[in-house]
Amino acid sequence: MKLTQDQVNQYNEAGFLVLPDVFSTDEVDVLRREATDITQVQRPEIWREKNGAPRTAFGCHKYSDIFRTLSSDARLVEPVEQLIGEPLYIHQFKVNPKVAFDGDTFPWHQDFVTWHEDDGMPEARAMNIAIFLDHVYPTNGALMFVPASHKRGMVPTTPKENNRRWMDLKDVENVIRSGSDIEVATGNAGSVLMFHGNAVHGSAGNMTPLPRRIVYVTYNAVSNAICKPTRPEFIAHQTFEPVSAMPPEAFAEYVSSLHG
Ligand SMILES: O=C(O)CCC(=O)C(=O)O
């Protein structure tokens with residue numbers, strides 16, 4: 001799946017892009033079920049909120065056939081390859097369930113600061129591509145972006161709770177001066193969101209009864225592989241084989257085989 005020139009321009013300008021309705025209802029149903037099933041199990045790759053609700057299931061493409069198949073789907077690999085311009089490997093794979101009532105905040109941050117400082121990624125030549133497994137409303141924990149913030153480059157910050165490099169509040173004040181400096185990435189289940197490693201983003205807690213499950217794949221250019229990882233392998237992968245894009249029919253066929 002290739003981006004149109006308009007989509008590339010939009011991405012380059014804003015630092016993020018929503019592609020509506022990329023995955024079918026059947027595909028999303030299977031992904032949603034799998035996202036729920038994997039979080040029933042206690043394992044170190046699944047991080048939880050204080051009350052035990054799942055917050056992030058890291059590296060689940062390593063043990064779930066469904067997520068493994070998804071991770072090389074052309075609808076994810078090709079648009080990123082088009083923007084980065086070379087073969088990619090998977091730096092990180094995760095599901096963030098942002099459960100009804102209990103899904104907590106992700107404060108403002110840039111992903112590349114962590115990739116650079118904690119994983120030893122040389123340049124901002126990795127990016128996230130995400131699939132909405134539920135309808136994402138402005139109210140159920142949608143990601144918020146500061147448009148064009150990726151153009152300012154990386155803003156250094158120090159680790160905060162759980163070693164997360166949330167932005168310092170004075171730096172947040174420098175980039176957000178009014179409500180119009182923030183845009184919200186919303187869409188139907190099955191829509192796809194792409195964003196630059198230096199895009200300033202965050203998300204509020206989910207106090208609605210509507211879950212907001214999102215799958216994220218971080219692809220990195222093979223020539224930009226990380227060289228000083230300090231985080232566990234399930235968070236910052238240390239195998240750098242290029243991903244070969246599989247035609248969307250492969251995932252669609254796999255999904256229909258599950259339906260019997
Ligand atoms: O899922 C979310 O709400 C935000 C996730 C995020 O920004 C991150 O994991 O870095």
Practice problem: Count the heavy atoms of every other residue, nucleotide or ligand shown that sit under 6.0 Å from CG of Asp37, and state whether that count exceeds 12. | Solution: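 Yes, the 6.0 Å shell around CG holds more than 12 heavy atoms from other groups.
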Parallel, tilted or perpendicular, as decided by the 30° and 60° cut-offs, for the rings of [Y] and [X]:
{"X": "Trp115", "Y": "Phe112", "answer": "perpendicular"}
{"X": "Phe234", "Y": "Trp47", "answer": "perpendicular"}
{"X": "Tyr216", "Y": "Phe195", "answer": "perpendicular"}
{"X": "His135", "Y": "Tyr137", "answer": "parallel"}

Test item: [X] side-chain N/O and [Y] main-chain N/O as donor-acceptor pair under 3.5 Å:
{"X": "Gln92", "Y": "Gly59", "result": "no"}
{"X": "Gln7", "Y": "Thr4", "result": "yes"}
{"X": "Thr39", "Y": "Pro54", "result": "no"}
{"X": "Asn206", "Y": "Leu210", "result": "yes"}
{"X": "His150", "Y": "Asn198", "result": "no"}
{"X": "Arg125", "Y": "Ile84", "result": "yes"}
{"X": "Asn220", "Y": "Asn224", "result": "yes"}
{"X": "His91", "Y": "Val217", "result": "no"}
{"X": "His109", "Y": "Pro107", "result": "yes"}
{"X": "Ser203", "Y": "Leu143", "result": "no"}

Self-check item: Full working for side-chain contact (heavy atoms from CB on, under 4.5 Å) between His237 and Lys62
Solution: CA-CA 11 Å; His237 302 315; Lys62 302 261 186 182; 3.8 Å; yes
Quick one: salt bridge (charged side-chain N to carboxylate O under 4.0 Å, His left out) pairs with a partner in [range], sequence neighbours left out?
{"range": "residues 91-111", "value": "none"}
{"range": "residues 72-84", "value": "Glu27-Arg75, Asp73-Arg75"}
{"range": "residues 131-151", "value": "Glu13-Lys151, Arg32-Asp134, Asp134-Arg213"}

Quiz prompt | Charged tip of Arg164 within 45° of Phe106 ring normal and under 6.0 Å | solution = no
Exercise. Would you sort out whether Val215 and Leu133 count as a side-chain contact (heavy atoms from CB on, under 4.5 Å), showing the intermediate values?
Key: CA-CA 7 Å; Val215 181; Leu133 302 190; 3.7 Å; yes
Going by heavy atoms in the side chains, are [X] and [Y] under 4.5 Å from each other?
{"X": "Met194", "Y": "Val18", "result": "no"}
{"X": "Asp26", "Y": "Ser256", "result": "no"}
{"X": "Val113", "Y": "Val155", "result": "no"}
{"X": "Met1", "Y": "Pro79", "result": "yes"}
{"X": "His201", "Y": "Gln110", "result": "no"}
{"X": "Tyr11", "Y": "Asp6", "result": "no"}
{"X": "Glu183", "Y": "Phe16", "result": "yes"}

Hphob cluster co-occupancy, [X] + [Y], side-chain heavy atoms under 4.5 angstrom:
{"X": "Met127", "Y": "Val77", "result": "yes"}
{"X": "Phe23", "Y": "Ile66", "result": "yes"}
{"X": "Phe132", "Y": "Leu17", "result": "no"}
{"X": "Tyr219", "Y": "Leu19", "result": "yes"}

Report the residues that fulfil salt bridge (Lys or Arg N to Asp or Glu O under 4.0 Å) with [X], sequence neighbours left out, ordered by chain and then residue number.
{"X": "Arg231", "answer": "Asp119"}
{"X": "Arg68", "answer": "Asp65"}
{"X": "Arg55", "answer": "Glu49"}
{"X": "Asp181", "answer": "none"}

Exercise answer: donor-acceptor pairs, residues 239-248 side-chain atoms, under 3.5 Å, sequence neighbours excluded:
none

Distance from [X] atom [atom1] to [Y] atom [atom2], nearest 0.5 Å?
{"X": "Ile38", "Y": "Ser64", "atom1": "CD1", "atom2": "OG", "answer": "6.5 Å"}
{"X": "Trp166", "Y": "Thr105", "atom1": "CH2", "atom2": "OG1", "answer": "9.0 Å"}
{"X": "Asn174", "Y": "Ser149", "atom1": "CG", "atom2": "OG", "answer": "12.5 Å"}
{"X": "Ser24", "Y": "Asp29", "atom1": "OG", "atom2": "CG", "answer": "8.0 Å"}
{"X": "Ile235", "Y": "Thr218", "atom1": "CD1", "atom2": "OG1", "answer": "11.5 Å"}
{"X": "Ile131", "Y": "Ile214", "atom1": "CD1", "atom2": "CD1", "answer": "10.5 Å"}

Of all residues at least two apart in sequence or in a different chain, which pass the side-chain hydrogen bond (donor to acceptor under 3.5 Å, both in side chains) check with [X]?
{"X": "Thr157", "value": "Lys160, Asp168"}
{"X": "Trp108", "value": "none"}
{"X": "Thr158", "value": "none"}

Practice problem: Just do the side-chain contact (heavy atoms from CB on, under 4.5 Å) check on Ile182 and Phe145 with the steps written out, would you? | Solution: CA-CA 6 Å; Ile182 303 173; Phe145 288 92; over 6 Å; no
Quiz prompt | Distance-minimising heavy-atom pair for Val222 and Leu88 | solution =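 Minimum heavy-atom contact is CG2-C, 3.8 Å.
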Self-check item: Between Phe58 and Phe93, ring centroids under 6.0 Å
Solution: no
Exercise. Test Glu233 against Glu45 for side-chain contact (heavy atoms from CB on, under 4.5 Å), laying out the working first.
Key: CA-CA 10 Å; Glu233 222 283 330; Glu45 299 96 318; over 6 Å; no
Self-check item: Verdict with supporting geometry, Thr208 and Asn140, side chain to side chain donor-acceptor pair (under 3.5 Å)
Solution: CA-CA 6 Å; Thr208 76; Asn140 63 344; 5.0 Å; no
Self-check item: Pairing residues for Lys228 by the side chain to side chain contact (heavy atoms under 4.5 Å, CB included) criterion, not counting sequence neighbours
Solution: none
Quiz item: Between Asn96 and Thr56, does any side-chain donor sit less than 3.5 Å from a side-chain acceptor?
Solution: yes
